[in-house]
Amino acid sequence: MTDLFAGTDQPSVDLLGATLWPGWLAASAQKALVADLRDVAKRAPFQRYETPSGARMSVQMTAAGDVGWMTDRSGYRYAERHISGASWPDIPEAILNIWRATSGAARDPDSCLVNFYGEGARMGLHQDRDEANTTWPVVSISLGDDGLFRIGGQNRGDPTVSHWLKSGDVLVLSGAARLAYHGIDRIRFGSSGLLPDGGRLNITLRVAQ
Ligand code: MD6
Ligand code: FE
């Protein structure tokens, strides 16, 4: 298993306090993760949620774990069930192993959000702060097409830096960067061959409750 991972001995990149491990996942591990996510999406199909303001998100989402992040007109929250009423699938073991190797946290995550970006999808600047305890890190895994990630500080108006996240990159938001504003400005649709029909998958692991 560990030979699927490039590992954390390679140089990391600091993005305003967030730690990026470029190309942390070998191509074989990336393919295996896509297969795991297809299984998750079979049990819990992707949705385009509505935000509290009534806007439909361009990113499609599903989840695994005890709870899954979702939004509708009544607000952002972690739900115990998919919109179908089914409980969320378990977090795949290979995904838990990435958290264990990179997060530095003494416990496993209880929530795994899966984002899918088709052509033109984006995610506005936001903080991840719907979790009960926001001192646990967030681990983010990128698969498929390149995504232009932007990160700033703990206030919306703080200066930001941008970086293209590539397939196999692992990013950890911890410490002061845990509550940094961040988002995906755009993707380069078709830039990766990992997903036959193009697009970008992002996995975020969290301790939500
Ligand atoms: C994305 N990522 O990469 C969106 N959140 O598609 C996030 O919203 C994110 O990359 C918390 C920590 C790392 C992230
Ligand atoms: Fe986020």
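Atoms considered below: every heavy atom in the structure, side chains included; atoms not considered: hydrogens, waters and symmetry mates. Keep in mind it's a predicted model, so treat the numbers as computed, not measured. Read the numbers this way: they start at 1 and go in the same order the structure lists the ligands and their atoms.
In this structure, the side chain of His163 does not engage the main chain of Leu148 through any donor-acceptor pair within 3.5 Å.
For the Fe ion (ligand 2), protein N/O/S neighbours under 2.8 Å (waters excluded) are His126 NE2, Asp128 OD1, His182 NE2.
Both the sub-6.0 Å distance and the 45° axial angle are satisfied by Arg188 relative to the ring of Trp164. Remark: Arg156 fails to qualify as a cation-pi partner of Tyr181 under the 6.0 Å distance and 45° angle criteria applied to the six-membered ring.
Atoms of ligand 1 found under 4.0 Å from any heavy atom of Thr204, numbered from 1 in the order shown, are 5 (N), 9 (C), 14 (C).
The shortest heavy-atom contact between Gly85 and Arg81 is O-NH1, 2.8 Å.
Between Asn202 and ligand 1, at least one N/O pair is under 3.5 Å apart. Residue Arg200 has at least one N or O atom closer than 3.5 Å to an N or O atom of ligand 1.
The residue among Ala180, Ser174, Ser140 with a heavy atom at the shortest distance from atom 14 (C) of ligand 1 is Ser140.
A side-chain donor from one of Trp69 and Asp130 sits under 3.5 Å from a side-chain acceptor of the other. There is no side-chain donor-acceptor pair under 3.5 Å between Arg48 and Ser58. With no hydrogens or angles considered, a side-chain donor-acceptor pair links Asn202 and Ser140 at under 3.5 Å.
Listed by chain and residue number, nothing satisfies the side-chain hydrogen bond (donor to acceptor under 3.5 Å, both in side chains) test with Tyr49 (two or more places apart in sequence, or in another chain).
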